[in-house]
Amino acid sequence: MMMRGGRLMGLSSQLLGMRCFSTEIFVSRLSFYTTEEELKDIFSPFGNVKEARLMRDRQTGRMKGFGFVKYSSQAEAEKAVKAMDGRILRGRLIFVEMAKGPKSE
């Protein structure tokens, strides 16, 4: 336990600063022609894909070149990262990593 501002911080407060477990992966450098269905199909061999979403520009609706894939478990997400990071998809080298949660500051 740690003291901060005269108050004792509990274990749960300490855990907030640590990397949390995630079932979501971040995929970058995607082709602008990639579809959400294609993204889901490509990542489904590594586990149960709950959701695959591509990020789009709000004004134009054009794909931004990155997206997220959410799995049922962290183990499935880690397996997908190991298998797909640095692969070629639609002629482009893609990068895959565990998604980071929102900053808590």
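Each residue takes its place number in the sequence, starting with 1. We use all heavy atoms of the structure for the numbers below, so side chains are in, but hydrogens, waters and symmetry mates are not.
Proximity of a side-chain donor or acceptor of Arg62 to a complementary backbone N or O of Asp57 within less than 3.5 Å is not detected. Remark: the backbone N or O of Phe26 is not paired with any side-chain donor or acceptor of Glu97 at under 3.5 angstrom. Of the possible polar contacts, none joining the Arg29 side chain to the Phe95 backbone as a donor-acceptor pair under 3.5 Å is found. Judged purely by atom type and a 3.5 angstrom limit, Tyr71 uses its side chain to pair as donor or acceptor with the backbone of Phe43.
Summarising the geometry, atom CG belonging to Asp41 is positioned 12.0 Å from atom CD belonging to Glu36; distances are rounded to the nearest 0.5 Å. Taking OG of Ser31 as the reference point, atom CZ of Arg92 lies at 6.5 Å (rounded to 0.5 Å). Annotation: the span from Leu89 atom CG to Thr34 atom OG1 amounts to 5.0 Å, rounded to 0.5 Å. For the atom pair CD1 of Ile88 and CD1 of Ile94, the computed distance is 8.5 Å after rounding to the nearest 0.5 Å.
Hydrophobic clustering (ILVMFWY, side-chain heavy atoms < 4.5 Å, transitive): Leu54 and Phe68 are in distinct clusters. Both Ile25 and Met63 are part of a single hydrophobic cluster, where members link through side-chain heavy atoms under 4.5 Å apart. With hydrophobic clusters built from ILVMFWY side chains whose heavy atoms lie under 4.5 angstrom apart, Met55 does not share a cluster with Phe32.
Residues Ser22 and Ala99 share a closest heavy-atom pair of OG-O, 3.8 Å. Residue Met84 comes nearest to Phe46 through the heavy atom pair CG-CE1, 3.5 Å, listed as atom of the first residue, atom of the second, then distance.
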Q | Derivation of the side-chain contact (heavy atoms from CB on, under 4.5 Å) call for Val96 and Val69 | A | CA-CA 10 Å; Val96 183; Val69 178; over 6 Å; no
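A side chain to side chain contact (heavy atoms under 4.5 Å, CB included) with Arg53 is found for exactly one of Lys70, Lys40, Glu24, namely Glu24.
Counting non-hydrogen atoms of other residues, nucleotides and ligands closer than 6.0 Å to CZ of Arg90 gives a total above 12.
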